[in-house]
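A short worksheet on the structure shown next.
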Amino acid sequence: MIFPSVVPHHIAIVMDGNGRWASKRFLPRVVGHRQGVESLRRCVKACADRGVGVLTVFAFSSENWNRPAEEVSGLMDLFAMALTREVPKLKADGVQLHFVGERSGLSVKVAAGIEQAELVTASNSRLVLNICFNYGGRWDIVQAAAKLAAQGKAVTELALSGAMALAHVPDPDLVIRTGGEQRISNFLLWQTAYSEFYFSGKLWPEFDEAELDLAIMSFNQRERRFGKTSSQLGAQLTSPTVV
Ligand code: IPE
Ligand code: IPE
Ligand code: MG
(Lines give C-alpha, C1' and ligand atoms only; values in the text may rest on other atoms or scores of the structure.)
(Ligands and ions follow the chains in the order given, each with its own letter.)
Protein backbone atom coordinates (compact mmCIF):
# COMPACT_ATOMS: atom_id res chain seq x y z
CA MET A 1 0.00 0.00 0.00
CA ILE A 2 1.26 3.49 -0.84
CA PHE A 3 1.02 6.11 1.90
CA PRO A 4 1.00 9.47 0.16
CA SER A 5 2.04 12.57 2.08
CA VAL A 6 -1.46 14.07 2.12
CA VAL A 7 -4.55 11.94 2.32
CA PRO A 8 -7.65 13.93 1.27
CA HIS A 9 -9.97 14.36 4.24
CA HIS A 10 -13.10 14.04 2.10
CA ILE A 11 -13.27 11.93 -1.07
CA ALA A 12 -16.42 11.89 -3.20
CA ILE A 13 -16.96 9.30 -5.92
CA VAL A 14 -19.28 9.01 -8.94
CA MET A 15 -19.40 5.23 -9.12
CA ASP A 16 -20.00 4.90 -12.85
CA GLY A 17 -19.60 2.02 -15.28
CA ASN A 18 -21.50 -0.88 -13.70
CA GLY A 19 -23.72 -1.39 -16.73
CA ARG A 20 -20.79 -1.46 -19.17
CA TRP A 21 -18.91 -3.86 -16.91
CA ALA A 22 -21.84 -6.29 -17.17
CA SER A 23 -22.52 -5.72 -20.88
CA LYS A 24 -18.90 -6.50 -21.73
CA ARG A 25 -19.48 -9.91 -20.15
CA PHE A 26 -22.90 -10.42 -21.83
CA LEU A 27 -24.54 -10.23 -18.39
CA PRO A 28 -27.64 -8.27 -17.33
CA ARG A 29 -26.84 -4.73 -16.13
CA VAL A 30 -28.06 -5.55 -12.62
CA VAL A 31 -25.17 -8.02 -12.26
CA GLY A 32 -22.86 -5.04 -12.78
CA HIS A 33 -24.65 -3.15 -10.02
CA ARG A 34 -24.26 -6.15 -7.71
CA GLN A 35 -20.54 -6.17 -8.47
CA GLY A 36 -20.58 -2.44 -7.78
CA VAL A 37 -21.67 -3.11 -4.19
CA GLU A 38 -18.63 -5.38 -3.76
CA SER A 39 -16.41 -2.64 -5.12
CA LEU A 40 -17.90 -0.13 -2.69
CA ARG A 41 -17.24 -2.45 0.23
CA ARG A 42 -13.59 -2.72 -0.81
CA CYS A 43 -13.34 1.05 -1.30
CA VAL A 44 -14.82 1.83 2.14
CA LYS A 45 -12.23 -0.39 3.78
CA ALA A 46 -9.40 1.09 1.71
CA CYS A 47 -10.44 4.64 2.60
CA ALA A 48 -10.71 3.83 6.31
CA ASP A 49 -7.27 2.13 6.20
CA ARG A 50 -5.72 5.23 4.60
CA GLY A 51 -7.17 7.64 7.14
CA VAL A 52 -9.77 9.28 4.89
CA GLY A 53 -12.30 10.98 7.17
CA VAL A 54 -15.32 11.22 4.86
CA LEU A 55 -16.34 9.19 1.81
CA THR A 56 -19.35 10.35 -0.22
CA VAL A 57 -20.61 8.14 -3.03
CA PHE A 58 -23.20 8.68 -5.76
CA ALA A 59 -25.36 5.57 -5.83
CA PHE A 60 -28.58 6.69 -7.56
CA SER A 61 -29.34 10.04 -9.14
CA SER A 62 -32.63 11.93 -9.43
CA GLU A 63 -32.35 11.25 -13.18
CA ASN A 64 -31.74 7.49 -12.83
CA TRP A 65 -35.53 7.02 -12.40
CA ASN A 66 -35.66 7.52 -16.18
CA ARG A 67 -33.95 4.17 -16.79
CA PRO A 68 -35.97 1.11 -17.86
CA ALA A 69 -38.39 0.03 -15.09
CA GLU A 70 -36.65 -3.33 -14.78
CA GLU A 71 -33.28 -1.73 -14.03
CA VAL A 72 -34.81 0.76 -11.55
CA SER A 73 -36.59 -1.99 -9.62
CA GLY A 74 -33.43 -4.12 -9.71
CA LEU A 75 -31.47 -1.22 -8.21
CA MET A 76 -34.09 -0.64 -5.49
CA ASP A 77 -34.09 -4.35 -4.55
CA LEU A 78 -30.30 -4.38 -4.49
CA PHE A 79 -30.22 -1.27 -2.31
CA ALA A 80 -32.67 -2.83 0.19
CA MET A 81 -30.69 -6.06 0.19
CA ALA A 82 -27.33 -4.30 0.63
CA LEU A 83 -28.76 -2.30 3.55
CA THR A 84 -29.75 -5.46 5.39
CA ARG A 85 -26.53 -7.30 4.59
CA GLU A 86 -23.88 -4.57 4.94
CA VAL A 87 -25.06 -2.36 7.80
CA PRO A 88 -24.10 -4.73 10.67
CA LYS A 89 -20.56 -5.00 9.21
CA LEU A 90 -20.26 -1.26 8.66
CA LYS A 91 -21.44 -0.71 12.23
CA ALA A 92 -18.78 -3.10 13.56
CA ASP A 93 -16.10 -1.39 11.42
CA GLY A 94 -16.75 2.05 12.94
CA VAL A 95 -18.48 3.57 9.90
CA GLN A 96 -21.03 6.33 10.47
CA LEU A 97 -23.67 6.15 7.75
CA HIS A 98 -25.67 9.01 6.23
CA PHE A 99 -28.13 8.80 3.37
CA VAL A 100 -28.32 11.92 1.32
CA GLY A 101 -31.20 12.60 -1.07
CA GLU A 102 -34.96 12.93 -1.44
CA ARG A 103 -36.63 10.28 0.67
CA SER A 104 -40.25 10.85 -0.24
CA GLY A 105 -40.09 8.80 -3.46
CA LEU A 106 -38.63 5.74 -1.74
CA SER A 107 -40.53 2.65 -0.67
CA VAL A 108 -41.53 2.31 3.00
CA LYS A 109 -39.10 -0.59 3.38
CA VAL A 110 -36.13 1.32 1.97
CA ALA A 111 -36.96 4.49 3.94
CA ALA A 112 -37.21 2.49 7.19
CA GLY A 113 -33.94 0.68 6.44
CA ILE A 114 -32.17 4.00 5.89
CA GLU A 115 -33.42 5.47 9.16
CA GLN A 116 -32.42 2.38 11.10
CA ALA A 117 -28.95 2.28 9.50
CA GLU A 118 -28.30 5.92 10.41
CA LEU A 119 -29.51 5.35 13.94
CA VAL A 120 -27.37 2.29 14.70
CA THR A 121 -24.16 3.80 13.28
CA ALA A 122 -24.60 7.35 14.65
CA SER A 123 -21.99 7.00 17.41
CA ASN A 124 -19.27 5.64 15.07
CA SER A 125 -16.39 7.92 14.12
CA ARG A 126 -13.76 6.00 12.12
CA LEU A 127 -15.17 6.99 8.72
CA VAL A 128 -18.24 9.01 7.73
CA LEU A 129 -19.89 7.36 4.71
CA ASN A 130 -22.47 9.44 2.84
CA ILE A 131 -24.54 7.48 0.34
CA CYS A 132 -26.20 9.79 -2.17
CA PHE A 133 -29.36 7.99 -3.18
CA ASN A 134 -32.21 9.64 -5.07
CA TYR A 135 -29.88 12.64 -5.01
CA GLY A 136 -29.30 15.51 -7.39
CA GLY A 137 -27.12 18.57 -6.91
CA ARG A 138 -29.93 20.81 -8.15
CA TRP A 139 -32.41 19.14 -5.81
CA ASP A 140 -30.04 19.86 -2.92
CA ILE A 141 -29.70 23.57 -3.73
CA VAL A 142 -33.45 23.92 -4.17
CA GLN A 143 -34.32 22.08 -0.94
CA ALA A 144 -31.79 24.18 0.98
CA ALA A 145 -33.22 27.44 -0.43
CA ALA A 146 -36.78 26.26 0.30
CA LYS A 147 -35.79 25.44 3.88
CA LEU A 148 -34.42 28.94 4.42
CA ALA A 149 -37.50 30.49 2.82
CA ALA A 150 -39.83 28.47 5.07
CA GLN A 151 -37.86 29.67 8.12
CA GLY A 152 -37.96 33.26 6.86
CA LYS A 153 -34.16 33.41 6.79
CA ALA A 154 -32.03 35.47 4.43
CA VAL A 155 -30.26 33.51 1.67
CA THR A 156 -26.55 33.96 2.37
CA GLU A 157 -23.72 31.67 1.32
CA LEU A 158 -23.24 30.55 4.92
CA ALA A 159 -26.96 29.95 5.52
CA LEU A 160 -27.36 28.01 2.29
CA SER A 161 -24.28 25.87 3.04
CA GLY A 162 -25.76 25.08 6.45
CA ALA A 163 -29.07 23.99 4.90
CA MET A 164 -27.54 21.66 2.32
CA ALA A 165 -27.81 17.90 2.67
CA LEU A 166 -24.05 17.56 3.31
CA ALA A 167 -23.85 20.29 5.96
CA HIS A 168 -22.49 17.75 8.46
CA VAL A 169 -19.16 17.43 6.57
CA PRO A 170 -16.64 19.81 4.96
CA ASP A 171 -16.62 20.08 1.16
CA PRO A 172 -14.92 17.26 -0.80
CA ASP A 173 -11.20 17.68 -1.38
CA LEU A 174 -11.09 15.10 -4.16
CA VAL A 175 -13.84 13.94 -6.53
CA ILE A 176 -13.23 10.71 -8.43
CA ARG A 177 -15.39 9.61 -11.36
CA THR A 178 -14.89 6.13 -12.73
CA GLY A 179 -16.12 4.86 -16.09
CA GLY A 180 -14.29 7.33 -18.32
CA GLU A 181 -16.90 10.10 -18.59
CA GLN A 182 -15.66 13.55 -17.67
CA ARG A 183 -18.80 15.20 -16.33
CA ILE A 184 -20.51 15.90 -13.03
CA SER A 185 -23.98 14.45 -13.88
CA ASN A 186 -25.76 16.53 -11.22
CA PHE A 187 -23.57 15.29 -8.35
CA LEU A 188 -22.37 17.76 -5.69
CA LEU A 189 -22.83 21.01 -7.61
CA TRP A 190 -22.53 23.37 -4.63
CA GLN A 191 -19.91 21.49 -2.62
CA THR A 192 -17.38 20.89 -5.42
CA ALA A 193 -16.61 24.59 -6.01
CA TYR A 194 -12.94 24.00 -5.11
CA SER A 195 -12.62 20.21 -5.25
CA GLU A 196 -9.90 18.54 -7.28
CA PHE A 197 -11.15 16.09 -9.93
CA TYR A 198 -9.73 12.73 -10.96
CA PHE A 199 -11.26 10.87 -13.90
CA SER A 200 -10.53 7.16 -13.97
CA GLY A 201 -10.90 4.96 -17.02
CA LYS A 202 -11.68 1.98 -14.79
CA LEU A 203 -15.29 0.82 -14.63
CA TRP A 204 -16.60 1.03 -11.05
CA PRO A 205 -16.55 -2.76 -10.40
CA GLU A 206 -12.83 -2.71 -11.36
CA PHE A 207 -11.93 0.19 -9.07
CA ASP A 208 -9.44 -1.10 -6.52
CA GLU A 209 -6.90 0.02 -3.91
CA ALA A 210 -4.22 0.64 -6.57
CA GLU A 211 -6.52 2.97 -8.51
CA LEU A 212 -7.51 4.77 -5.30
CA ASP A 213 -3.83 5.31 -4.55
CA LEU A 214 -3.27 6.69 -8.07
CA ALA A 215 -6.09 9.19 -7.49
CA ILE A 216 -4.62 10.19 -4.12
CA MET A 217 -1.14 10.54 -5.65
CA SER A 218 -2.59 12.75 -8.39
CA PHE A 219 -4.31 14.84 -5.69
CA ASN A 220 -0.92 15.28 -4.02
CA GLN A 221 0.49 16.86 -7.18
CA ARG A 222 -2.20 19.54 -7.37
CA GLU A 223 -1.76 23.09 -6.16
CA ARG A 224 -5.02 24.24 -4.60
CA ARG A 225 -5.01 27.99 -4.97
CA PHE A 226 -8.59 28.91 -4.03
CA GLY A 227 -8.38 31.98 -6.22
CA LYS A 228 -4.99 33.15 -4.97
CA THR A 229 -1.70 33.18 -6.88
CA SER A 230 0.95 30.51 -6.60
CA SER A 231 3.45 32.88 -4.98
CA GLN A 232 0.94 33.88 -2.31
CA LEU A 233 0.64 30.23 -1.33
CA GLY A 234 4.44 29.86 -1.22
CA ALA A 235 4.66 32.92 1.05
CA GLN A 236 2.04 31.46 3.37
CA LEU A 237 4.05 28.27 3.71
CA THR A 238 7.44 29.92 4.35
CA SER A 239 6.78 33.16 6.23
CA PRO A 240 6.41 33.19 10.02
CA THR A 241 2.88 33.58 11.32
CA VAL A 242 2.00 37.20 11.92
CA VAL A 243 -0.28 37.78 14.89
C1 IPE B 1 -23.47 3.60 -12.31
O2 IPE B 1 -23.30 2.69 -13.33
C3 IPE B 1 -24.53 3.18 -11.33
C4 IPE B 1 -25.79 3.91 -11.44
C5 IPE B 1 -25.99 4.96 -12.19
C6 IPE B 1 -26.90 3.43 -10.65
P7 IPE B 1 -24.15 2.76 -14.66
O8 IPE B 1 -25.35 1.92 -14.50
O9 IPE B 1 -24.41 4.18 -15.06
O10 IPE B 1 -23.16 2.08 -15.69
P11 IPE B 1 -22.89 2.52 -17.18
O12 IPE B 1 -22.44 3.96 -17.16
O13 IPE B 1 -24.16 2.34 -17.94
O14 IPE B 1 -21.80 1.60 -17.64
C1 IPE C 1 -24.14 9.21 -12.53
O2 IPE C 1 -24.01 8.24 -13.49
C3 IPE C 1 -25.00 8.72 -11.40
C4 IPE C 1 -24.44 7.66 -10.57
C5 IPE C 1 -23.26 7.13 -10.67
C6 IPE C 1 -25.31 7.20 -9.53
P7 IPE C 1 -24.93 8.18 -14.78
O8 IPE C 1 -24.52 7.01 -15.55
O9 IPE C 1 -26.36 8.26 -14.39
O10 IPE C 1 -24.54 9.53 -15.53
P11 IPE C 1 -24.69 9.93 -17.07
O12 IPE C 1 -26.11 9.61 -17.47
O13 IPE C 1 -23.71 9.12 -17.83
O14 IPE C 1 -24.36 11.39 -17.13
MG1 MG D 1 -23.38 5.52 -16.21
Side-chain angles (χ1 to χ4, degrees), residues 10-44 46-47 54-83 85-86 97-107 110-111 113-114 117 129-143 164-166 169 172 174-192 195 197-208 211-212 215:
H10 183 175
I11 298 182
I13 308 184
V14 180
M15 308 184 290
D16 196 23
N18 295 346
R20 278 165 282 168
W21 183 91
S23 299
K24 267 168 61 175
R25 289 161 179 78
F26 306 101
L27 295 165
R29 290 176 60 87
V30 73
V31 179
H33 296 312
R34 241 179 263 149
Q35 204 58 38
V37 177
E38 302 301 315
S39 196
L40 178 56
R41 188 192 302 131
R42 179 168 58 187
C43 183
V44 169
C47 284
V54 183
L55 175 65
T56 300
V57 295
F58 204 6
F60 190 85
S61 79
S62 325
E63 290 74 31
N64 289 146
W65 292 108
N66 297 322
R67 293 191 175 196
E70 188 191 309
E71 180 166 348
V72 172
S73 68
L75 278 164
M76 292 299 147
D77 290 348
L78 181 63
F79 185 74
M81 197 268 290
L83 265 179
R85 204 184 56 187
E86 303 294 333
L97 268 166
H98 294 264
F99 292 87
V100 178
E102 174 62 61
R103 297 195 185 183
S104 65
L106 305 177
S107 74
V110 166
I114 280 175
L129 174 60
N130 299 308
I131 311 235
C132 295
F133 194 84
N134 198 13
Y135 173 87
R138 288 179 175 177
W139 163 83
D140 198 5
I141 294 167
V142 169
Q143 71 78 26
M164 304 287 289
L166 278 182
V169 289
L174 172 65
V175 177
I176 299 171
R177 180 170 183 146
T178 61
E181 314 299 349
Q182 302 192 355
R183 56 176 173 254
I184 194 82
S185 299
N186 201 13
F187 193 30
L188 309 169
L189 299 181
W190 175 267
Q191 299 87 347
T192 53
S195 304
F197 284 77
Y198 181 85
F199 296 103
S200 165
K202 295 247 183 204
L203 301 171
W204 175 247
E206 297 163 343
F207 186 85
D208 57 9
E211 190 67 10
L212 176 67

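A quick note: this is a predicted structure, and the numbers were derived from the prediction, not measured. Whatever order the structure lists ligands and atoms in, that order sets their numbers, starting from 1. In what follows, residues are counted from 1 in the order of the sequence shown.
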Ligand-side contact atoms (ligand 1) for residue partner Met15, heavy atom cut-off under 4.0 Å: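 Those of ligand 1 that fall under 4.0 Å from Met15 are 1 (C), 2 (O), 3 (C).
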Which of the ligand 1 atoms, numbered from 1, are nearer than 4.0 Å to a heavy atom of Arg20: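 Those of ligand 1 that fall under 4.0 Å from Arg20 are 11 (P), 12 (O), 14 (O).
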Below 4.5 Å, heavy atoms only, C-beta onward: do [X] and [Y] meet side chain to side chain?
X      : Y      : result
Leu166 : Trp190 : no
Arg85  : Arg41  : yes
Leu106 : Asn134 : yes

Ser61 N/O to ligand 2 N/O under 3.5 Å: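 No - when backbone and side-chain N and O of Ser61 are compared with those of ligand 2, no distance drops under 3.5 Å.
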Check the orientation of [X] and [Y]. Use parallel for under 30°, tilted for 30 to 60°, and perpendicular for over 60°.
X      : Y      : result
Phe79  : Phe99  : perpendicular
Trp204 : Phe207 : parallel
Phe60  : Trp65  : perpendicular

Sub-4.0 Å heavy-atom approach of Arg29 to ligand 1: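 Judged by the 4.0 Å heavy-atom criterion, Arg29 does count as contacting ligand 1.
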Gly17 touching ligand 1 at heavy-atom level, < 4.0 angstrom: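 The answer is yes: ligand 1 sits under 4.0 Å from a heavy atom of Gly17.
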Val30, Val72, Asn18, Asn64: member with heavy atom nearest to atom 3 (C) of ligand 1: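 Answer by nearest heavy atom: Asn18.
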Proximal candidate to atom 1 (C) of ligand 2 [heavy atom criterion; set Leu75, Ile13, Val14]: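 Result: the heavy atom closest to atom 1 (C) of ligand 2 is in Val14.
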Between Arg138 and Ser62: side-chain donor-acceptor atoms closer than 3.5 Å: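 No - no donor-acceptor pair under 3.5 Å links their side chains.
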Side-chain H-bond candidate by donor/acceptor type, Asn18 with His33, under 3.5 Å: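 There is such a pair between these side chains.
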Gly136 backbone acceptor or donor facing Asn186 side chain under 3.5 Å: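 Not confirmed, Asn186 side chain does not pair with Gly136 backbone.
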Sidechain-backbone polar pair: Thr192 side chain, Ser195 backbone, donor-acceptor under 3.5 Å: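 Here the side-chain-to-backbone pair does not exist.
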For [atom], what's the nearest protein heavy-atom neighbour? Residue, atom name and distance, please.
atom                    : answer
atom 13 (O) of ligand 2 : Arg183 NH2, 2.8 Å
atom 14 (O) of ligand 2 : Ser185 OG, 2.6 Å
atom 6 (C) of ligand 1  : Ala59 O, 3.4 Å

Part of Arg67 within contact of ligand 1 (heavy atoms, under 4.0 Å):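 Just the side chain.
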Nearest protein heavy atom under 4.0 Å from atom 9 (O) of ligand 2, yes or no: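 Yes, there is one.
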The Mg ion (ligand 3) to nearest N/O/S of Asp16 below 2.8 Å: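 Asp16 does place an N, O or S atom closer than 2.8 Å to the Mg ion (ligand 3).
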Ligand-residue contact atoms, ligand 2 with Phe60, heavy atoms, under 4.0 Å: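 Listed by number with element: 6 (C).
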Glu181 touching ligand 2 at heavy-atom level, < 4.0 angstrom: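 Outside the 4.0 Å threshold, so no.
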